[in-house]
Every structure is written in structure tokens, then in C-alpha cells.
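Throughout, a chain's letter reflects where its sequence line sits, starting with A, and its residues are numbered from 1.
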Number of protein chains: 2
Amino acid sequence: MLSKTCEYAVRAMIYVAQNSQNGQMVNIKKIAEKIGSPELFIGKILQGLSKRGFLQSSKGRYGGFYINDNDAKHSLADIVIAVDGDKIFKGCGVGLDYCSEKKPCPIHSEYKTARNQLFNIYKSATLEQFKSLKGSELVMLKRK
Amino acid sequence: MLSKTCEYAVRAMIYVAQNSQNGQMVNIKKIAEKIGSPELFIGKILQGLSKRGFLQSSKGRYGGFYINDNDAKHSLADIVIAVDGDKIFKGCGVGLDYCSEKKPCPIHSEYKTARNQLFNIYKSATLEQFKSLKGSELVMLKRK
DNA sequence: CTTAATTCAGATAAATTTGTCTGAATTAAA
DNA sequence: TTTAATTCAGACAAATTTATCTGAATTAAG
């Protein structure tokens with residue numbers, strides 16, 4: 001479903017959100033370790049998201065990434081769309097470009113329902129929710 | 001969601017089913033044209049599915065592919081799993097390997113529901129349904 | 001001011017997926 | 001029996017995705 005890049009991105013954003021509670025920065029090394037991703041790769045991904053305004057970054061010693069209250073308004077769906085595009089939420093279930101109510105594929109209407117449900121799931125999970133988690137509520141994100 | 005290979009496979013199988021009504025064979029050239037795929041590529045894919053018993057093939061002049069009544073019991077879900085594996089129907093929504101009821105990811109239970117719904121959609125679309133379609137009911141499968 | 005730790009930028013490399021080429025084997029029709 | 005049309009098999013190639021390398025720029029601490 002999600003590309004690997006996108007899975008890393010979503011997990012990283014959740015992790016950063018969880019660790020952005022009191023102005024502290026999280027560095028790439030820690031993020032990579034905690035979400036189980038290649039360090040340089042998730043670095044690239046977050047740098048891209050940072051340039052596009054999904055999170056803050058600061059360079060130099062003791063630098064890292066941070067998700068402020070405004071960034072935290074984003075949902076996981078926003079991140080997914082930013083990284084993978086909206087094909088997952090809008091595309092056809094058998095890969096037709098033109099598929100629509102008028103020219104439906106064989107599973108169009110049911111598939112559309114499922115797709116929308118999926119969208120709502122990612123959409124209703126906002127970074128704010130993770131930012132406010134405490135201690136034992138924190139979510140594990142290591143891949144294996 | 002589905003890989004391109006899998007999208008081709010599903011559309012091709014639907015097309016062959018639709019055209020397997022009276023023992024006629026459908027050749028790769030025609031299939032490729034009708035589903036909008038590279039000819040040699042869908043050829044490879046169908047050869048693989050044929051070896052694994054998802055459809056019949058016959059070589060030589062006037063040869064081609066055919067879906068018999070037994071093959072037609074397969075659902076689109078069977079094809080998807082044969083080609084892409086079951087990650088789409090079983091995998092975690094944020095890419096965790098261990099994600100489960102016991103160690104759930106942040107969207108585990110809702111995601112699982114959506115995943116299951118998706119599975120049911122592909123599962124309840126069987127090739128039989130396409131094999132029995134007539135004339136104007138036939139489904140368009142060209143990509144663009 | 002120097003040093004160490006970090007992000008950043010651009011190039012490169014490896015792995016995977018998608019697509020093509022070539023020729024052999026098979027088959028039906030003429 | 002020859003020919004033409006097809007699937008089949010295995011190698012190859014191109015494109016995309018995933019991952020790494022290198023060095024520059026930045027920043028805080030000592």
C-alpha cells in the first residue's frame with residue numbers, strides 16, 4: 001500500500017511528534033534507530049518534508065527535528081499524500097486511469113467506499129494526538 | 001496499492017474470463033491491446049499464472065489463453081495474492097512487521113477493518129461473474 | 001576561536017520493478 | 001510437409017525506488 005519511503009516518513013513523523021513535547025530536538029540518528037530505518041535515508045526524507053513545511057529543523061550541534069503546534073495539525077493522510085501522492089486514496093482498484101461513476105471498473109463503487117474509509121483513518125490520526133502522549137502511552141515504532 | 005504487474009494481471013484475467021465463453025482462445029496481442037499493457041510483459045505475467053494453474057494456455061497457431069469453469073472459481077483476491085502477496089490484505093498501516101492486537105500500531109484496529117473490507121471486495125469478485133457477462137455488460141479494461 | 005556534532009545538498013550506487021529481445025518449441029491450416 | 005502464428009524460456013535492458021557517500025554549511029560548547 002504505502003511505499004517504504006512513505007512508511008518511514010509516517011513513522012518518523014509520529015516519533016518526532018511524540019518527542020516534541022518540551023521544545024527538545026530529535027536528531028536523525030535517534031529517529032532512524034527508533035523507527036528501524038536507514039539513517040541517511042530517513043534523513044533525506046525528513047529534509048524534504050522540512051522544506052515543505054511539515055516539520056522544523058535546526059542545523060549544527062544539538063540540532064535536529066521538531067514538530068511545533070502548528071505542524072502538529074497535520075494528519076497522517078497529509079504526510080502520505082505529500083510523499084506518495086493521492087493514488088492510494090483516489091486511484092482505481094484495478095488500475096484504470098479513467099475509472100469513475102460514469103465509466104466504472106468492475107469493483108468501482110465498493111472499492112471507493114473502502115478507499116474513503118482508509119482515507120478517513122489516516123486523516124483522523126493527527127500529529128497532535130501523538131504529541132500529547134505521555135510515558136507509557138508512547139507508541140513503539142521500530143520496524144521489527 | 002496493487003503493483004503495476006498486479007493491475008495488469010487482474011485486468012487481463014477479467015478480460016480473458018469475459019472472452020472464454022465458448023471455448024475460444026484469446027491471444028496475448030489482443031489481451032495487451034484491450035487492457036492497455038505492454039504485450040511481452042503481460043505475456044510473461046500470464047505465462048506465470050498459467051504455470052500456477054490460474055488459467056489454461058495452448059501453444060502454436062490459433063493458440064492463446066483460456067479460463068475454464070474451474071479456473072473461474074478464482075476471485076480477484078486470489079490473483080492479487082498470487083502476484084503481489086498478501087501484504088495488502090494483512091500488512092500494517094504504518095509498515096510495522098510485528099503489528100498485532102498485542103502490539104498494535106497507532107491505527108491498528110481501524111486499519112484492520114478497512115483492510116478486511118478491501119479483501120472482501122476483491123474476494124467476492126470472482127471470474128465466473130465476468131465469464132457470464134454478455135455483450136453490452138462487458139467491462140472496459142483499457143487503461144486510458 | 002576551535003572543535004565536535006549536526007543538518008543539508010548533490011552525486012552516486014544498489015536493489016527492485018517494469019519492460020524488451022531473441023530464438024526455440026508447438027500447433028493448425030494450407 | 002511447409003508455413004505462419006502463436007506460447008514459452010531465459011537473458012537482457014530500462015526505469016524507478018531505496019539506500020549510501022562525500023563534503024559543505026551551520027551551530028553550540030568549551
Near DNA chain D, which residues from residues 44-69 of chain A have a heavy atom under 4.0 Å away?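 Under 4.0 Å from DNA chain D: Lys59(A), Gly60(A), Arg61(A), Tyr62(A).
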Let's see if you get this right: which residues in residues 27-39 of chain B place a heavy atom under 4.0 Å from DNA chain D?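 Listed by number, they are Asn27(B), Ile28(B).
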Atom pair CD1 (Ile121(A)) and CG (Leu76(A)), whose distance is rounded to the nearest 0.5 Å: 11.0 Å
Should [X] and [Y] be counted in the same cluster of Ile, Leu, Val, Met, Phe, Trp and Tyr side chains packed under 4.5 Å apart?
X	Y	value
Ile79(A)	Phe41(A)	yes
Tyr8(A)	Tyr98(B)	yes
Leu40(B)	Val16(B)	no
Phe89(B)	Met13(B)	yes

Polar atom pairs (N or O), protein with nucleotides 12-17 of chain D, under 3.5 Å:
none

Would the distance check show the side chain of Asn27(B) and the main-chain N or O of Lys30(B) forming a donor-acceptor pair, the cut-off being under 3.5 Å?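 At least one qualifying donor-acceptor pair exists.
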Under a 3.5 Å distance rule, please check whether Arg115(A) uses its side chain to pair with a backbone N or O of Ile88(A) as donor and acceptor.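 Between the backbone of Ile88(A) and the side chain of Arg115(A) there is no qualifying donor-acceptor contact (under 3.5 Å).
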Looking at Tyr8(B), does any N or O in its side chain come under 4.0 Å of the phosphate oxygens OP1/OP2 on dT18(C)? no
Would you kindly give the [atom1]-to-[atom2] distance between [X] and [N], to the nearest whole Å?
X	N	atom1	atom2	result
Phe41(A)	dA13(C)	CZ	C1'	13 Å
Asp84(B)	dT17(C)	CG	P	9 Å
Leu40(A)	dG23(D)	CG	P	14 Å

Which of residues 9-26 of chain B sit near DNA chain C, with a heavy atom under 4.0 Å from it?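 DNA chain C contact set from residues 9-26 of chain B: none.
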Please list every donor-acceptor pair under 3.5 Å in which a side-chain atom of residues 99-109 of chain A meets a protein atom from a residue at least two apart or in another chain.
| from | atom 1 | to | atom 2 | distance (Å) |
| --- | --- | --- | --- | --- |
| Ser100(A) | OG | Lys102(A) | N | 3.3 |
| Ser100(A) | OG | Lys103(A) | N | 3.3 |
| Glu101(A) | OE2 | His108(A) | NE2 | 3.4 |
| Glu101(A) | OE2 | Lys112(A) | NZ | 2.6 |

Carboxylate-amine/guanidinium proximity below 4.0 Å for Arg143(A) and Glu33(A): no
Applying the side chain to side chain contact (heavy atoms under 4.5 Å, CB included) test to Leu133(A), which of Asn19(A), Ile14(A), Val139(A) qualifies? Val139(A)
Are side-chain N/O atoms of Asp78(B) and Ser75(B) paired as donor and acceptor at under 3.5 Å? yes
Going by the side-chain hydrogen bond (donor to acceptor under 3.5 Å, both in side chains) test, which pairs reach into residues 58-74 of chain B, not counting sequence neighbours? Gln56(B)-Asp71(B), Asp69(B)-Lys131(B), Asn70(B)-Lys73(B)
Kindly indicate, with the supporting measurements, whether the criterion salt bridge (Lys or Arg N to Asp or Glu O under 4.0 Å) is fulfilled by Glu110(A) and Lys123(B). CA-CA 12 Å; Glu110(A) 315 87 296; Lys123(B) 188 73 195 173; over 6 Å; no
